[in-house]
Q: 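For reference, the structure I am asking about is given below.
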Amino acid sequence: MSASGKQGEKQGGEQLVIKGLHVAVEGQEILKGVDLTIGRGEVHALMGPNGSGKSTLGYAIMGHPSYEVTAGSIELVAADGTRHNVLEMEPDERARAGVFLAFQRPMSIPGVRVADFLRHSVTNVRNPDRKEGQELIPMREFRDELKKKMADLSMDTEFARRYVNDGFSGGEMKRAEILQLAMLRPKFAILDETDSGLDADAVRLASESIARIGGAEMGILIITHHEQLLEHNIPLQTHVMLGGRIVESGGPELAAELHKKGYERIRAAYPDAAAAEKAMEESRTSEPVSA
Amino acid sequence: MTPATATPAATPVTATTFDRDALEHLLAASAMPAWVGDRRRAAFESLQTLALPNRRNENWMRTDLRLFKPQAWGLSPRPAAGSVAPEGLLADAIASGAATADSVFDDSAHSVADTSLAGRLVSLDGHVLREDLDPALAKRGVLFGAAENVLAEHGDTLKAHWFSVIDSQCDWFAALHAAFHRASAVLYVPAGVKLAEPLHVMSAIGDGGVDTSHVLVVLGEGAEATLLTETAGGGAAGKTAGGFHCGGTEIVVGRGAFLRMVNLQNWNTGVWHFARQKAVVHENGRLQWTLGALGSRVSQVAQDVALVGRNATAQVNGVMFTEGRQHLVYNTLQHHEAASCKSDLLYKGALQDRSRLVWRGMIKVDKAAQKTDGYQRNDNLMLSNEARADSIPGLEIEADDVRCTHGATSGRVDAEQIFYAQARGLTADEAARLVVAGFFQQVFDRITILPVREALARAIGSRIRRVS
């Protein structure tokens with residue numbers, strides 16, 4: 001079973017297509033040839049041991065300046081087959097093109113209210129050609145939508161007055177990321193451990209929320225160590241990353257197996273990737289927290 | 001602390017056009033009472049003995065005066081007929097009703113009608129161009145306008161305060177100001193009178209202009225007022241004549257009175273700015289004093305607050321943005337002279353390019369000032385690697401039952417914050433502006449005059465070019 005053998009590019013639907021992606025951080029190669037195609041409306045799960053490169057893939061797709069793409073491609077394919085080179089876009093252009101990353105560790109922006117931040121964000125994403133200084137989306141319209149979305153997520157409106165991720169608990173940060181996902185309604189979303197730091201009830205709520213937000217309109221890549229988040233988001237495919245490559249893809253049963261039994265079978269089945277994992281671990285003198 | 005007197009050791013400044021002839025000319029042209037002239041003369045005699053402050057004086061040791069040439073400046077001639085002064089950021093903000101509450105949830109604390117001005121005084125190059133006051137307020141005994149006129153008619157009311165709050169002999173600039181002040185403003189609000197609308201003073205100069213304006217504010221018992229003062233104009237750094245401001249501000253907040261005072265220094269970047277400002281707050285009096293600084297080449301500002309009656313409170317806010325090679329120095333003093341007073345100072349600065357910002361703060365608590373609650377804090381945000389900020393807090397406490405704390409931080413805009421905002425669709429520039437706006441939010445939240453907040457936020461936003 002090859003990494004992307006089962007996928008192939010379907011015709012007619014919008015896709016996020018990653019081919020042969022190599023990514024280095026501070027000169028060290030983390031991703032060593034990743035192939036992955038996500039269609040709009042599809043859910044994919046990405047699992048793998050710590051340090052295998054899952055977050056790196058998320059950052060590379062979003063365009064973090066410290067994550068250097070040394071080979072391969074990331075493209076957005078429109079319904080009519082037009083291809084847009086994501087690697088040539090600034091991170092904000094990617095966001096406006098419909099790409100979203102829910103951060104594993106979101107940054108705080110003290111002094112900037114969640115609501116004001118989101119109003120900027122929503123304005124730009126919905127009007128991709130907006131020039132800075134042009135009007136933001138109308139206050140009333142935005143406020144009504146925000147209140148409704150917060151109610152859907154059982155969030156207190158008071159939350160929107162707080163400063164972005166400033167003093168948030170781990171769970172609050174993750175819920176704020178889901179709120180942003182709901183407001184921005186991207187075409188493709190990468191959710192990087194949106195379940196970490198949440199208790200079982202919160203994970204269930206998150207799982208339901210994501211399913212409701214996603215629907216048929218969104219292609220979602222769920223990076224997780226667990227299977228609970230997938231409860232309401234049955235993945236079309238589960239991918240396993242090891243040593244910077246996707247070594248195996250399968251159905252929901254694969255996620256269940258990995259969650260229950262860990263990665264020993266995978267390591268044994270793909271000795272090259274296991275060796276790469278080991279080498280990366282050893283050369284990682286100061287580990288980038290989110291690799 | 002160093003006593004506030006000049007060291008006479010150095011050679012006095014000579015051969016300036018701020019000479020006896022200029023003084024006599026000023027006195028002859030003035031309709032002010034004789035005692036005003038006497039105070040000018042006394043200051044002039046001090047001026048003859050003073051040298052420029054030097055770096056042995058703690059308050060001046062971080063101010064570079066090597067390129068300041070006293071001989072280069074003199075009182076400016078009356079500007080040509082038809083000359084106009086800039087409206088000013090604050091006046092504009094009030095006039096345009098900028099209080100649009102551009103926040104998703106409007107939780108602004110402003111409670112007064114900040115939508116029009118109750119009075120205005122405008123001067124250019126030390127000459128008054130315009131003065132007016134809502135006649136309804138004049139009827140209630142409010143005095144506002146050019147000191148020339150107010151002192152001529154109501155000198156007795158103001159004699160006790162005029163140049164009695166600040167020390168006019170502590171250094172060359174203070175003495176120069178006290179001898180040669182011109183186009184000065186007076187606001188007097190009688191006991192019990194509460195002004196809902198702000199008043200505005202604009203002191204402007206043209207390229208190479210000189211402004212020596214003085215501001216005196218006196219609030220009687222239980223009075224309330226909001227005064228916005230603003231400076232603008234002069235030449236920009238580089239090949240212009242620049243400008244010279246040598247000013248002073250005196251504030252007297254009576255028992256139970258409440259003053260909101262805003263000073264916005266928005267000179268162009270070739271202007272030398274020297275200002276000595278002091279407020280005295282009496283029993284149960286409240287002062288909210290906001291300093292905004294965006295301009296000037298070099299600034300040296302002394303901002304003192306004296307709490308002289310029980311339960312007096314002062315909130316001091318500083319909003320500074322520097323760029324290019326600007327060099328701004330602030331020496332603040334919160335002097336607790338009476339018991340149970342509260343002072344709370346928060347200065348926030350953002351520095352771009354090779355600019356430099358210095359804050360040196362002191363909380364001084366007299367023996368009698370038990371139950372003092374004093375706080376001072378200075379936060380700076382560095383927008384370039386070449387900028388430099390110095391924060392030097394200080395405490396001098398003689399009472400034993402007090403709570404005095406201070407803090408200072410210096411930080412940078414974090415590249416990870418920018419990336420996070422970019423990942424949400426904001427451009428890198430928008431993200432930087434947002435992070436800087438957020439940095440100032442804490443001090444903006446304290447300024448209860450919404451148009452002032454918004455004018456400052458907009459002015460700062462427009463200056464941020466990019467974050468390196």
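As the structure is a prediction and not an experimental result, all values here were calculated from the model. Protein chains get the first letters and strands the later ones, always in sequence-line order, with residue 1 at the start of each.
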Q: Is any side-chain heavy atom of B:T427 less than 4.5 Å from a side-chain heavy atom of A:R96?
A: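 In contact.
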Q: Select one option (side chain, backbone, both, neither) describing which atoms of A:D166 are under 4.5 Å from chain B's heavy atoms.
A: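 For A:D166, no heavy atom lies under 4.5 Å from chain B.
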Q: At a 4.5 Å cut-off on heavy atoms, which part of A:V164 comes close to chain B: side chain, backbone, both, or neither?
A: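 Interface part for A:V164: side chain.
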Q: Can you tell me which portion of B:A421 sits under 4.5 Å from chain A's heavy atoms? Options are side chain, backbone, both or neither.
A: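 Both parts, backbone and side chain.
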Q: Please report the shortest heavy-atom distance between B:G425 and A:A95, naming the atom on each side.
A: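 Closest approach of B:G425 to A:A95, heavy atoms only: N-CB, 3.4 Å.
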Q: Is atom NZ of A:K149 surrounded by more than 12 heavy atoms (other residues, nucleotides or ligands) closer than 6.0 Å?
A: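 Result for NZ/A:K149: enclosed.
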Q: Quick check for you: to the nearest 0.5 Å, what is the distance between A:M107 atom CE and B:D414 atom CG?
A: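 So the CE of A:M107 and the CG of B:D414 are separated by 4.0 Å.
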Q: B:T290: what forms a side chain to side chain donor-acceptor pair (under 3.5 Å) with it, not counting sequence neighbours?
A: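 Testing B:T290 for side chain to side chain donor-acceptor pair (under 3.5 Å), a comparison that skips the adjacent residues, returns B:N317.
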Q: Kindly check if the number of other-residue, nucleotide or ligand heavy atoms within 6.0 Å of CZ (B:R354) is above 12?
A: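 Open.
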Q: For B:D373, which residues count as a side chain to side chain donor-acceptor pair (under 3.5 Å) partner, sequence neighbours excluded?
A: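 Residues passing side chain to side chain donor-acceptor pair (under 3.5 Å) with B:D373: B:R403.
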Q: Which atoms of A:I109 are under 4.5 Å from chain B, going by heavy atoms: the side chain, the backbone, both sets, or neither?
A: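 Contact with chain B involves both backbone and side-chain atoms of A:I109.
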Q: Between B:F419 and A:F103, is the gap from one ring center to the other below 6.0 Å?
A: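 Ring centres of A:F103 and B:F419 closer than 6.0 Å.
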Q: Is there a donor-acceptor pair under 3.5 Å between the side chain of B:Q441 and the backbone N or O of A:P110?
A: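 Not confirmed, B:Q441 side chain does not pair with A:P110 backbone.
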Q: Taking side chain as everything from C-beta outward and backbone as N, CA, C, O, which of these in A:R140 sits under 4.5 Å from a heavy atom of chain B? Side chain, backbone, both or neither.
A: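 No part of A:R140 comes within 4.5 Å of chain B.
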Q: Top residue by heavy-atom pair count (under 4.5 Å) with chain B, among A:R94, A:H64, A:M62, A:E90?
A: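 Counting heavy-atom pairs under 4.5 Å, the top option is A:H64.
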Q: Heavy-atom count check: over 12 atoms from other residues, nucleotides or ligands less than 6.0 Å from A:E135 CD?
A: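 No, not enclosed.
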Q: When A:D92 is tested against each of B:R424, B:E430, B:Q422 for side chain to side chain contact (heavy atoms under 4.5 Å, CB included), which residue passes?
A: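 Only match with A:D92 under side chain to side chain contact (heavy atoms under 4.5 Å, CB included): B:Q422.
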Q: Where on A:P186 is there a heavy atom nearer than 4.5 Å to chain B: the side chain, the backbone, both, or neither?
A: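 Interface part for A:P186: neither.
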